[in-house]
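Every chain is numbered from 1, with letters handed out A, B, ... down the list of sequences. Worth knowing before you read on, the calculation uses all heavy atoms, side chains too, and leaves out hydrogens, waters and symmetry mates. These numbers come from a predicted model, not from an experiment.
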Amino acid sequence: DAGITQSPRYKITETGRQVTLMCHQTWSHSYMFWYRQDLGHGLRLIYYSAAADITDKGEVSDGYVVSRSKTENFPLTLESATRSQTSVYFCASSTGRSRKGSPLHFGNGTRLTVT
Amino acid sequence: QKEVEQNSGPLSVPEGAIASLNCTYSDRGSQSFFWYRQYSGKSPELIMSIYSNGDKEDGRFTAQLNKASQYVSLLIRDSQPSDSATYLCAASDSWGKLQFGAGTQVVVTP
């Protein structure tokens, strides 16, 4: 039971480069999410997706792009990386069965450093 | 701005004692609440969900919800060194998306 897998686990990149973080889940969950976690800010939502080809912005979406052509994959792209995007990125999924809010299941995270 | 607030801690708790963690939320439309535990360098893991006013117990953990006061709490009974972690409170918004607090660090001392 692989669950939800993120890759790479660690990434160092330079300012201005494009970077793609991968997320793959085997549960067939409808909903997928990208969060970033920074000291003092907790987890902040970048983008989420309710189903394949349906995505929407979260509270900190500037500078990020997502796609979801298949239910199981939800890649996050930093179009032109900046130092402020140095963070730990978590992908998560949920069944979304409850309109009230369903619990999230998280991947292991990607630690991204932008130099 | 919808917010979920937690004391950052650290909350120092003697081994065997009760740890009490508090969380307040601003969105009155929130209907689902979750507590996650996060060890240093690891991903958050779900430990409790609560949807109705009152208490919900699961092993050594008890979650308490008071929607009128917009308040959620987590009690950890018989605290163990393995409970040392950061605890994240999360509340769903009107669309079902989760808003997280910044977390409370708990340190259980032998």
(request) Please flag which part of A:Leu45 lies under 4.5 Å from any non-hydrogen atom of chain B: side chain, backbone, both or neither. (result) side chain
(message) Tell me if the aromatic rings of A:Phe106 and B:Tyr36 count as close, with their centers under 6.0 Å from one another.
(response) yes
(message) Taking the side chain as everything from C-beta on, heavy atoms only, tell me whether B:Asp83 gets closer than 4.5 Å to B:Arg60.
(response) yes
(message) Which atoms of B:Gln6 are under 4.5 Å from chain A, going by heavy atoms: the side chain, the backbone, both sets, or neither?
(response) neither
(request) Indicate yes or no for a side-chain donor-acceptor contact from B:Gln70 to the backbone of B:Lys67 under 3.5 Å, with no hydrogens or angles considered. (result) no
(request) Would you mind telling me which of A:Tyr35, A:Phe90, A:Phe33 makes a ring-ring contact (aromatic ring centres under 6.0 Å, His included) with B:Phe100? (result) A:Tyr35
(request) Could you tell me which of B:Ala90, B:Gly103, B:Pro44, B:Ala91 has the largest number of non-hydrogen atom pairs under 4.5 Å with chain A? (result) B:Pro44
(request) Would you mind checking which part of B:Leu98 comes under 4.5 Å of any heavy atom in chain A, side chain (CB onward), backbone (N, CA, C, O), both or neither? (result) both
